[in-house]
Amino acid sequence: MGRGTPFSSLLVTVGLIAAATAAGACLSAAGLQQATVVVTYVLSVIGVALLTPGGSWCIAAAALSVLAFNFFFAAPTLSLEALDPAMPGTFAVMFVVALVAGRLAARLRAEAREAQDARARSQALLALRGELQDCADVDAVIGVMARCTARTLRRSMAWYPVADGAAALGPQRAYPLEPGGTVVDERQVALLALANRAPAGATTASLGAASGLYLPFGSDRRPLGVIALAPASDLAPEDVDLWRSACGVSALAAERLLALEERERAAVRARDERTRADLLRSISHDLRTPLTSIIGNADVLLEASDALDGARRRALLESVRDDASWLRATVENLLTVTRLEEGGVRPQADAELVDDLVEEALRHAARDDAHEVRFEAPDEPLLVRADPALVVQALVNLVNNAVSHTPAGCRVTVSAERAGEVVELRVADDGPGIPDAEKDLVFDPFRTAGATLPDGTRSVGLGLTVCRAVARAHGGTVSVRDRAPHGSVFSLTLPAEEVPNV
């Protein structure tokens, strides 16, 4: 038997009047005045107002209170007659007081219930805002909204994302209340809500006979889709208002996420623009000198070749060759970085012997008689799963970097060691080292130690960037650390391959 039903309200009314009568009898037996008995009946009417829907039950309780007081306490007792001529007026005042007190109590109860419902709605919206803070995209926002709908209103939800530039809706995504359930697909109602940018369906004037309530989701300038609550025709107005408020909060969260994505894309575009600007500035600054040298030497050879002895001619040709080789290596580094970072090149990984990779890299590294470059071969053969061309290019860049940034007479040592599931290739030098503040910057494009942009003609700042791109493409890492007592150690890690038993 539910609370508020007619039968339960009748039992409450009769029970409270009976209790007031019993209390009044005790008070009369104690010798108290009849006014105290009247107060008990007024309290019983207030109790009826608090425990029943009120209204007619308050009137009935007030009438029963007057009759009970007249029958049990007004002389002659156990009779509805009143000997005192003023008693009818007393009954009237008693009825009015009891009725007014009951009505006031009923109003206070209604206001308390409304305040409680408002607090519950506010808490539901606060909980929704908290869950929306953890969302990473619009789909996650819709999922949180569906859970909130099921938890708060015990209703199913559907989502129609926009398609074709917000002119149409995509397939329905249903969020049934119970697992395995279905949600009615009223696409025409959803399209009407999208077209009018206004609610449609149940509880509205647009296709009000529909089962669900359909709301456009997002702003008028940028609609994201249509969200539906089903069924909605039997919902109380305050529940509909709560759901609309929740949809508004969720739409703001979705728009915030999209704004953040646009901001990130704008930041990426700005970074790309800066990279391109740095590239153009670096290329124009750093390639001009070797190109000028090549052109100048070629002009000398063409115009004054007969006047030059063999040694001078050979020196000019070697200079042209060195400059052209450097230009080719720079272009190869630039193309490799671009393709690897954009996903245009995938490593053709295979089992490769580390000794072979290092020896091949040393054959292609820049020759410099002022530096000693040596390879300390590991005691046991080491295999890595890698693309040999890319790894050789990375090792060449590491060796050339060590030679270029250390004074004459320094030693460059290449070594390798197995470290768990990876093989660590190390290029160490005994030069002046790299400051701690610049260790994380040397792998950025167009960076060299000690300067934001390279100033020398022999360093565009792409060699270490290529090493980082090659390492990432193989699932490895590249890093730099200090070497004792001085110098730097660059480490390139690659996936290790087990040496087969022969």
Side-chain angles (χ1 to χ4, degrees), residues 267-268 270-290 326 329-330 332-334 336-338 340-341 361 365-366 368 370-373 390-391 393-415 417 419 422 424-474 476-494:
V268 170
R271 186 172 64 248
D272 291 343
E273 291 296 330
R274 287 195 300 270
T275 300
R276 281 191 287 269
D278 289 343
L279 172 62
L280 292 175
R281 185 164 57 250
S282 178
I283 292 297
S284 62
H285 178 272
D286 298 307
L287 302 189
R288 183 183 298 116
T289 300
W326 183 84
T330 299
E332 288 178 352
N333 283 335
L334 181 60
T336 300
V337 169
T338 302
L340 285 176
E341 293 188 348
D368 187 348
H371 290 78
E372 179 186 352
V373 181
L390 293 177
V391 173
Q393 185 177 2
L395 289 174
V396 168
N397 288 340
L398 288 176
V399 173
N400 289 344
N401 178 77
V403 171
S404 300
H405 292 85
T406 56
C410 290
R411 177 181 298 174
V412 178
T413 305
V414 183
S415 60
E417 182 181 5
V422 299
E424 183 181 13
L425 301 173
R426 295 187 291 264
V427 177
D429 64 68
D430 54 1
I434 300 174
D436 292 339
E438 297 183 6
K439 283 186 172 65
D440 293 334
L441 302 177
V442 295
F443 297 101
D444 293 341
F446 316 117
R447 291 270 190 174
T448 56
T452 302
L453 286 174
D455 294 325
T457 61
R458 294 297 182 182
S459 179
V460 179
L462 287 175
L464 296 181
T465 305
V466 170
C467 297
R468 183 177 63 182
V470 170
R472 289 177 176 175
H474 288 83
T477 61
V478 64
S479 60
V480 61
R481 63 179 184 271
D482 293 331
R483 181 188 184 187
H486 54 81
S488 302
V489 179
F490 284 84
S491 299
L492 173 67
T493 62
L494 298 171

* To do: May I ask you to test the V470-Q393 pair for a side-chain heavy-atom distance under 4.5 Å?
  => no
* Indicate the atoms forming the closest heavy-atom contact of P407 with P432, along with that distance. => CD-CD, 3.7 Å
* **Criterion side-chain contact (heavy atoms from CB on, under 4.5 Å) against V427, the qualifying member of N401, L398, T413** => L398
* So how far is it from L494 CG to T477 OG1, rounded to the nearest 0.5 Å? -> 9.0 Å
* Structure fact -> Shortest non-hydrogen pair, V399 vs A365, comes out as CG1-CB, 3.9 Å
* Any chance you could measure F490, atom CZ, to I434, atom CD1, to the nearest 0.5 Å? => 3.5 Å
* To do: Report yes or no: does H371 contribute a side-chain atom to a donor-acceptor pair with the main-chain N or O of G409 at less than 3.5 Å?
  => no
* Backbone of R481 reached by a side-chain donor or acceptor of K439 within 3.5 Å -> no
* Asked: With distance as the sole test, does S491 use its side chain to make a donor-acceptor pair with the main-chain N or O of V478 at under 3.5 Å?
  -> no
* Distance, nearest 0.5 Å, that separates CZ of R411 from CD of E372 -> 4.5 Å
* Heavy atoms, side chains only, cut-off 4.5 Å: are D429 and V403 in contact? -> no
* Atom pair CG (L425) and OG1 (T493), whose distance is rounded to the nearest 0.5 Å -> 8.5 Å
* Asked: Distance from D430 atom CG to S488 atom OG, nearest 0.5 Å?
  -> 10.0 Å
* For G431 and C410, which heavy atoms make the closest approach, and how far apart are they? -> CA-SG, 4.0 Å
